[in-house]
Amino acid sequence: MKILVVGGGGREHAIASALARNRKTELYCVMAKKNPGISKLAEKVLLCRETDVPRIVAFAQEQGIEYAFIGPESPLEAGIVDALESVNIRCVGPIKAAARIETDKGFCRQLMEEHQIEGCPKYRLCQDSAEAIAFINDHDGDLVIKPIGLTGGKGVKIMGEQVDRAGAIAYARQIQGPIILEERLVGEEFTLQAFVDGTHLIPMPLVQDHKRAFEGDTGPNTGGMGSYTLPDHMLPFVTKAEFTRAFGIMRATVEALARTGHPYKGILYGQFMNTVNGPKVIEFNARFGDPEAMNVLSLLTSDLSEIMVRITSGTLASAHVTFEKKATVCKYLVPDGYPDAPHAGDEIRIGNTNGAITYYANVEERDGMLVTLTSRTLAFIGTGDTLEDAERVAEQAAASVKGPVRYRKDIGTGKLLSQRIRHMKELR
Ligand code: AMP
Ligand code: GLY
């Protein structure tokens with residue numbers, strides 16, 4: 001089976017690895033920078049912008065590709081699925097109109113409101129910065145400010161936490177186009193991802209990501225510094241009932257999209273804030289999370305290529321999807337100065353990774369050396385029977401790396417997990 005993977009990050013390395021476990025898979029990959037891990041798995045690599053839809057479609061046709069797995073959001077927004085499907089290539093990923101669930105935050109909130117889907121925070125959609133500034137000026141208390149479009153996870157500012165009123169206004173003034181203002185949700189965040197075939201959803205283990213750059217959840221927001229899962233595929237600060245509600249919100253959203261005439265297929269990523277009033281939707285993504293894909297795909301015991309076929313043929317309902325009952329910890333290494341002023345072009349050397357899985361991200365091989373670029377470099381996944389075991393594996397691998405990169409030591413530690421549990425207990 002000839003499969004095209006679009007994207008060149010850690011997430012796509014995990015997707016490519018999971019697909020390659022099936023011996024019948026022949027992998028072809030498109031990415032902007034040559035990811036050393038994905039390249040090793042691929043028959044052929046096309047280096048080009050991931051949003052260059054005509055070039056990617058031409059490459060796919062030349063190579064006789066049957067299926068495509070779209071990693072990142074930007075090609076979805078550029079209509080890559082619509083274009084590939086028009087030449088009979090089946091895709092894991094939604095068409096452009098359905099990907100709006102991620103690419104247009106205004107659309108997402110309005111869809112939830114119109115279809116009375118629970119878990120939608122109080123929000124206001126402003127057409128431009130003037131309207132947003134007028135509202136901010138009159139508003140007392142905390143407020144979250146976001147552009148409606150894609151920002152790589154770095155577009156949110158919270159008035160009352162990161163910025164004061166003047167800072168909020170200055171931020172709103174910079175934003176081009178519509179702005180969402182919404183209530184600040186307080187609680188613990190979790191990620192729920194699901195395979196979706198248009199109507200049916202299969203959930204994956206719950207993951208907690210860490211957005212902030214530094215230990216103790218301080219510093220600026222990043223694409224995600226690392227993440228963990230637990231052996232029971234749940235999180236101790238999310239009850240069974242809350243999980244069921246979150247999954248229900250995702251099912252209702254897929255139903256609503258089908259009713260709009262643009263059925264959703266691919267991976268649906270729900271980012272939730274678990275509050276005292278239950279799970280609320282921070283946002284949906286139209287793809288796997290990065291790093292979350294690395295946690296769940298390292299545990300997947302079913303064949304991802306078979307799941308892919310079922311997603312694209314609408315036959316997920318009869319699929320049996322299983323994940324190993326183990327803990328995972330993912331630690332991302334990032335260049336010094338990331339995310340605000342990342343230093344690039346430095347050599348790094350990986351030492352003894354001791355059983356950790358290595359997923360390459362924004363890193364290049366030059367003359368046999370690994371060289372950093374400006375975004376997240378590579379990730380290590382530790383797996384184990386307990387969180388402690390998994391953390392130890394990931395930590396040792398991360399500590400073995402020599403070079404001007406850093407990572408968060410606290411991700412996956414028992415100490416951080418107890419803080420999360422305590423925080424949720426205090427709120428309840
Ligand atoms: P996003 O770009 O939507 O993934 O948001 C980045 C981060 O901003 C999230 O992981 C949250 O920590 C925070 N955030 C976004 N929306 C809200 C909200 N309504 N209340 C509190 N925090 C939020
Ligand atoms: N880990 C957050 C994201 O992929 O958007």
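Every value quoted in this text rests on a predicted model; they were computed, and no experiment measured them. Note that ligands are numbered from 1 as they come in the structure, with each ligand's atoms numbered from 1 the same way. Heavy atoms only: backbone and side chains are in, while hydrogens, waters and symmetry mates are out.
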If we ignore hydrogens and angles and just use 3.5 Å, is the side chain of [X] paired with the main-chain N or O of [Y] as donor and acceptor?
{"X": "E242", "Y": "T239", "answer": "yes"}
{"X": "T229", "Y": "T328", "answer": "yes"}
{"X": "D389", "Y": "G384", "answer": "no"}
{"X": "T222", "Y": "R212", "answer": "no"}

Logged contact type for Q271 with ligand 2, heavy-atom cut-off 4.0 Å, is neither
Going by the 4.0 angstrom heavy-atom rule, the piece of N285 near ligand 2 is side chain
Problem - NE2/H423: more than 12 non-hydrogen atoms of other groups inside 6.0 Å - result: yes
- prompt: Taking everything shown except E388 itself, do over 12 heavy atoms lie less than 6.0 Å from its CD?
  reply: no
Looking only at heavy atoms of [X], does any of them come nearer than 4.0 Å to an atom of ligand 2?
{"X": "G289", "value": "yes"}
{"X": "R287", "value": "yes"}
{"X": "G223", "value": "yes"}

For ligand 1, which atoms, with element, lie under 4.0 Å from some heavy atom of [X]?
{"X": "V144", "value": "16 (N), 17 (C), 18 (C), 19 (N), 20 (N)"}
{"X": "E183", "value": "18 (C), 19 (N), 20 (N)"}
{"X": "E182", "value": "16 (N), 18 (C), 19 (N)"}
{"X": "I158", "value": "22 (N)"}
{"X": "I282", "value": "3 (O), 15 (C), 16 (N)"}

_Would R11 count as being in polar contact with ligand 2, using the rule that some N or O on each side must be under 3.5 angstrom apart?_
no
Check your understanding: Is the closest N or O pair between K211 and ligand 2 shorter than 3.5 Å?
Key -> no
Numbering as shown, the atoms of ligand 2 that approach [X] to under 4.0 Å (heavy-atom distance):
{"X": "E292", "value": "1 (N), 2 (C)"}
{"X": "D209", "value": "1 (N), 2 (C)"}
{"X": "Y269", "value": "1 (N), 2 (C), 3 (C)"}

So is K331 actually on top of Y407's ring, under 6.0 Å and inside 45° of the axis? no
Contacts satisfying ring pair (Phe, Tyr, Trp, His ring centres under 6.0 Å) that involve residues 195-240 (not counting sequence neighbours) are H210-Y228
From the list I267, I311, L27, side chain to side chain contact (heavy atoms under 4.5 Å, CB included) partner of F69 resolves to I267
Can you find a side-chain donor-acceptor pair between N22 and S305 that sits under 3.5 Å? yes
Nearest heavy atom to atom 13 (C) of ligand 1, choosing from V156, T222, V281, belongs to V156
- Would you check the N or O atoms of Q271, main chain and side chain alike, for any that come under 3.5 Å of an N or O of ligand 1? yes
- Short N or O distance, E189 and ligand 1, threshold 3.5 Å exclusive: yes
State if K146 counts as touching ligand 1 under the rule of any non-hydrogen atom under 4.0 Å. yes
Notebook entry, point to check: What class does the angle between the rings of Y360 and H13 fall in, given that below 30° is parallel, 30 to 60° is tilted and above 60° is perpendicular?
Noted result: parallel
Residue pairs meeting salt bridge (charged side-chain N to carboxylate O under 4.0 Å, His left out), one or both in residues 189-198, sequence neighbours left out, come to none
